[in-house]
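As C-alpha cells, the structure follows; a few thoughts come after it.
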Amino acid sequence: MAAALATCDMATVIEGVRSARGWSQGELARAAGYSQSWVSRVVNGQQSLTVDQIQDVAKRLGVPLHLLRFGGAPSAEGPAVLGPGRTKGVDLTRRRDFGRAVAAGALLTVGGRPEHADEAAVDESTAPALRTITSGQRRMDATSSARHLLPGAAAHVHLSEQMLMNARGTPFGSDLCAAASEASGFAAWLHTDQGSIEKARTHYRNAVFRARQARTRLLDVYMLGSLAAFEIDEAGSPELGLALVREAEHLLGRSAHPTARAWLSCTGALAHAGVGDGEAAARAIRRAEHEVDRPGNTDPPWPWVFAFDHTKVAGFRARVGVRLHRPDEARKAFEEARAQRPASAKQAALLQVELASVHLDSGEVEEAFRLARDALSTGLRFESRRLVSRVRSFRRAYQGPDARCVDDLDQRLGALVRGAGTG
C-alpha cells in the first residue's frame with residue numbers, strides 16, 4: 001500500500017480499501033460515488049483517472065491526500081490522467097523515486113526504534129523541553145547555514161521519536177507527538193534549503209502524521225500548509241499543493257484565527273498561479289486581505305510565529321504576479337512588501353530572485369542580473385543549494401543577447417560547476 005500511495009496506483013489503493021473494510025465491489029462503488037462498472041474497470045486496470053477524480057475518490061474513501069503523490073503538472077495536451085502503469089503529463093521517474101523513498105520506511109515515521117533502545121523516562125517537562133530545542137534551532141536558521149544545522153536537527157528528530165515511543169502508556173503521548181511534528185517540520189525546511197527534495201518530503205509527511213496523532217488542529221493545518229507550499233514552490237506540483245491547501249482549509253474551519261486563514265489563502269493563491277488560474281489566485285489574495293483586516297489579528301496562534309499583515313500579503317501578491325508573468329502588478333506589490341524586511345537574509349535573497357524575474361519580464365536586463373548576482377552571493381555565503389538553484393533557473397529563463405552582466409553571472413555559476421563553491 002505504501003508503494004501504491006507513493007506512485008498514485010489508484011487500482012491498488014481502491015482494492016486495498018475494499019479488502020480492508022470487507023466490502024463487496026458494489027459497496028465500494030456506493031462509498032466512492034461511482035457506478036460498479038466504473039469501479040470494476042479501475043480495479044482491473046481498464047480505466048484511467050483524472051487528477052480531479054483521484055481527489056474525489058480519495059476524499060470519499062478517507063484516503064489522506066498528503067499520502068498521495070500526483071506527479072508533475074498537466075501537459076499542454078490536456079489534464080493529467082493517472083492509471084495503472086500509465087500517465088499523461090506526469091513524470092514517471094519522479095514518482096518511482098518517491099516510491100522508493102516511501103517504501104524505505106518513511107510513510108509513517110522518520111525515526112526508528114533501536115533494538116536496545118534507552119528507555120528514558122518521560123514526564124510533563126519532556127515535550128516542552130523538546131519544543132524549546134526546536135525553537136532555538138529555528139532562531140539559528142536566520143543566521144546559520146542549513147548544512148551546519150542539519151546534523152543536530154536530524155539527531156533531534158530521532159530523539160523526539162525516541163521519547164514518543166518511550167511515552168507509550170503515559171498521558172504525555174499527545175504533547176510528544178506535537179513536539180515530534182515540529183522537529184520533523186524543521187528538518188524538512190533544512191533539507192529543502194539543501195536541495196534534498198525527497199528527504200524534505202519525507203520529513204514533511206512525518207510532520208503531518210505526528211500532528212494528526214497529536215490531535216492538534218492548528219498544528220495539523222500548519223504542517224499540511226507547509227507541505228503544500230513545499231509541493232508548490234520546490235517540487236513543482238501546484239495541483240497537489242492546491243489539494244493540500246483545500247484539505248487544510250476544510251480542517252481549519254471558518255472561525256479560525258485570521259493569521260492561519262490568511263496564510264493558507266496566500267499559499268492557495270500561489271498554487272492557483274502555478275496552474276495559470278489568475279482569477280482564482282486573485283480571489284485567494286482578496287480573502288487573505290479580508291482576514292488581515294479582521295478584529296483580533298494581533299498575536300498569532302501557535303505554531304505561527306508572526307501575525308499576518310498587509311505587507312506579507314503584498315509579498316505573496318508579488319510572487320503570484322511573477323508566476324503569472326504580470327510584471328507591473330508584481331513590481332507594485334514588491335514595493336509594498338519592502339516596507340518590512342524579511343526575517344532572514346536567505347528569505348530576502350529568495351525574494352530578490354523573484355524580483356529579478358520581474359525586471360527580466362520588463363526588459364530591464366542589467367537590474368535583473370544584478371539582483372540575481374546578489375542573491376547568488378547570499379546563497380554561497382549560507383551554502384544554500386535552494387538559492388543557488390533558483391538563480392540557475394533564473395539564468396535558464398533568459399534567452400536574450402549576451403551582455404556583461406550576463407557573462408558575469410555565467411562565470412560565477414560556471415565556477416560552481418568546477419567545484420569552487422556550493423553546487
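Given the structure is predicted, the values throughout are model-derived calculations rather than measurements. No hydrogens, no waters, no symmetry mates; every other heavy atom, side chains included, goes into these values.
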Presence of salt bridge, Glu249 and Arg261, under 4.0 angstrom: no

Under 3.5 Å: donor-acceptor pair, side chain of Thr170, backbone of Ala167: yes

Checking Ser174 side chain against Ala214 main chain: does a donor-acceptor pair fall under 3.5 Å? yes

For residues Ala273 and Leu324, report the shortest heavy-atom separation together with the two atoms involved. O-CD2, 3.8 Å

Between Ser184 and Ser181, is there a donor-acceptor pair closer than 3.5 Å when you use the side chain of the first and the backbone of the second? no

What is the minimum heavy-atom distance between Ala146 and Leu190, and which atoms define it? CB-CD2, 3.7 Å

Identify whether the distance between the nearest side-chain nitrogen and carboxylate oxygen of Lys346 and Glu383 falls below 4.0 Å. no

Under-4.0 Å salt bridge between Glu231 and Arg201: yes

Please determine if Arg147 and Asp193 form a salt bridge, counting it only when a charged side-chain N lies under 4.0 Å from a carboxylate O. no

Mind checking the CG-NE2 spacing from Leu360 to His325? Nearest 0.5 Å is all I need. 10.5 Å

Mark yes when over 12 heavy atoms from residues, nucleotides or ligands other than Arg215 sit less than 6.0 Å from its CZ; otherwise mark no. no

Grab the two heavy atoms, one from Glu291 and one from Arg294, that are nearest each other, plus how far apart they are. OE1-NH1, 2.6 Å

On the six-membered ring of Trp189, is Arg138 placed so that its NZ or CZ lies under 6.0 angstrom from the centre and within 45° of the ring axis? no

Closest contact, heavy atoms only, Phe308 versus Thr259: N-OG1, 3.5 Å

Any non-hydrogen side-chain atom of Glu354 less than 4.5 Å from a side-chain atom of Arg323? yes

Verdict with supporting geometry, Arg404 and Glu366, salt bridge (charged side-chain N to carboxylate O under 4.0 Å, His left out): CA-CA 9 Å; Arg404 181 176 296 178; Glu366 188 168 337; over 6 Å; no

So OG of Ser135 and CZ of Phe186: to nearest 0.5 Å the spacing works out to 10.0 Å

Yes or no on side chain to side chain contact (heavy atoms under 4.5 Å, CB included) for Arg395 and Phe369, after CA distance, side-chain angles and deciding distance? CA-CA 8 Å; Arg395 174 60 185 94; Phe369 274 81; 3.8 Å; yes

Output for pair (Asn166 CG, Leu176 CG), nearest 0.5 Å, gives 9.0 Å

For Arg396 and Ser393: C-alpha separation, side-chain torsions, deciding distance, then whether side-chain hydrogen bond (donor to acceptor under 3.5 Å, both in side chains) applies. CA-CA 5 Å; Arg396 285 194 295 269; Ser393 296; 3.2 Å; yes

Do Tyr398 and Val406 have side chains that get closer than 4.5 Å, going by heavy atoms? yes

Please examine the side chains of Phe209 and Tyr204, heavy atoms only from C-beta on, and report whether any two atoms are closer than 4.5 Å. no

Between the side chain of His272 and the main-chain N/O of Glu279, is any donor-acceptor distance below 3.5 Å? no

Kindly determine whether Arg210 and Glu161 satisfy side chain to side chain contact (heavy atoms under 4.5 Å, CB included), including the steps that lead there. CA-CA 10 Å; Arg210 290 306 186 199; Glu161 293 287 340; 2.6 Å; yes

Should the pair Asp408-Arg412 be classified as a salt bridge under the 4.0 Å nitrogen-to-oxygen rule? yes

Which heavy-atom pair separates Leu264 from Gly225 by the least distance, and what is that distance? CD2-CA, 4.1 Å

Show your reasoning for whether side chain to side chain contact (heavy atoms under 4.5 Å, CB included) applies to Cys405 and Val365. CA-CA 8 Å; Cys405 59; Val365 175; 4.0 Å; yes

Are the side chains of Leu164 and Cys177 in contact, using a 4.5 Å heavy-atom criterion? yes

Rounded to the nearest 0.5 Å, what separates atom NE2 in His290 from atom CD1 in Ile285? 14.5 Å

So that I can tick it off, tell me whether Arg212 and Glu247 are bridged by a salt bridge, with the cut-off set at under 4.0 angstrom between side-chain N and carboxylate O. yes

How close do Ala333 and Ala314 get, counting heavy atoms only, and between which atoms? CB-O, 3.5 Å

Between NZ on residue Lys199 and NE2 on residue His203, distance to nearest 0.5 Å: 8.0 Å

Would you kindly say whether Ser362 and Arg331 are connected by a side-chain donor-acceptor distance under 3.5 Å? yes

pair Val358-Arg326: side-chain heavy atoms closer than 4.5 Å: no

Look only at the side chain of Glu364 and the backbone of Asp361, and say whether a donor-acceptor pair between them is shorter than 3.5 Å. no

Check whether any side-chain heavy atom of Val353 lies under 4.5 Å from a side-chain heavy atom of Leu371, and answer yes or no. no

Report yes if some heavy atom in the side chain of Val221 is under 4.5 Å from a heavy atom in the side chain of Leu224; otherwise report no. no

Checking Glu124 against Asp175 for the side chain to side chain contact (heavy atoms under 4.5 Å, CB included) test, could you report, in this order, the C-alpha distance in whole Å, the side-chain angles of both residues, the deciding distance, and whether it holds? CA-CA 9 Å; Glu124 67 278 1; Asp175 288 342; over 6 Å; no

Do NZ/NE/NH1/NH2 and the carboxylate oxygens of Arg370 and Asp374 come within less than 4.0 Å? yes

Carboxylate-amine/guanidinium contact Asp233 Arg319, below 4.0 Å: yes

Look only at the side chain of Ser384 and the backbone of Gly379, and say whether a donor-acceptor pair between them is shorter than 3.5 Å. no

Any donor-acceptor N/O pair, Arg217 side chain to Leu252 backbone, under 3.5 Å: yes

Ring pair (Phe, Tyr, Trp, His ring centres under 6.0 Å) filter on Trp304, not counting sequence neighbours, yields Tyr222, Trp263

Are Arg317 and Glu336 ion-paired here, with the side-chain N under 4.0 Å from a carboxylate O? yes

Contacts of Arg286 that satisfy salt bridge (Lys or Arg N to Asp or Glu O under 4.0 Å) - sequence neighbours left out: none

Could you tell me the separation between the OG atom of Ser196 and the CZ atom of Arg386, rounded to the nearest 0.5 Å? 12.0 Å

Side chain to side chain, Met223 and Arg205, heavy atoms closer than 4.5 Å: no

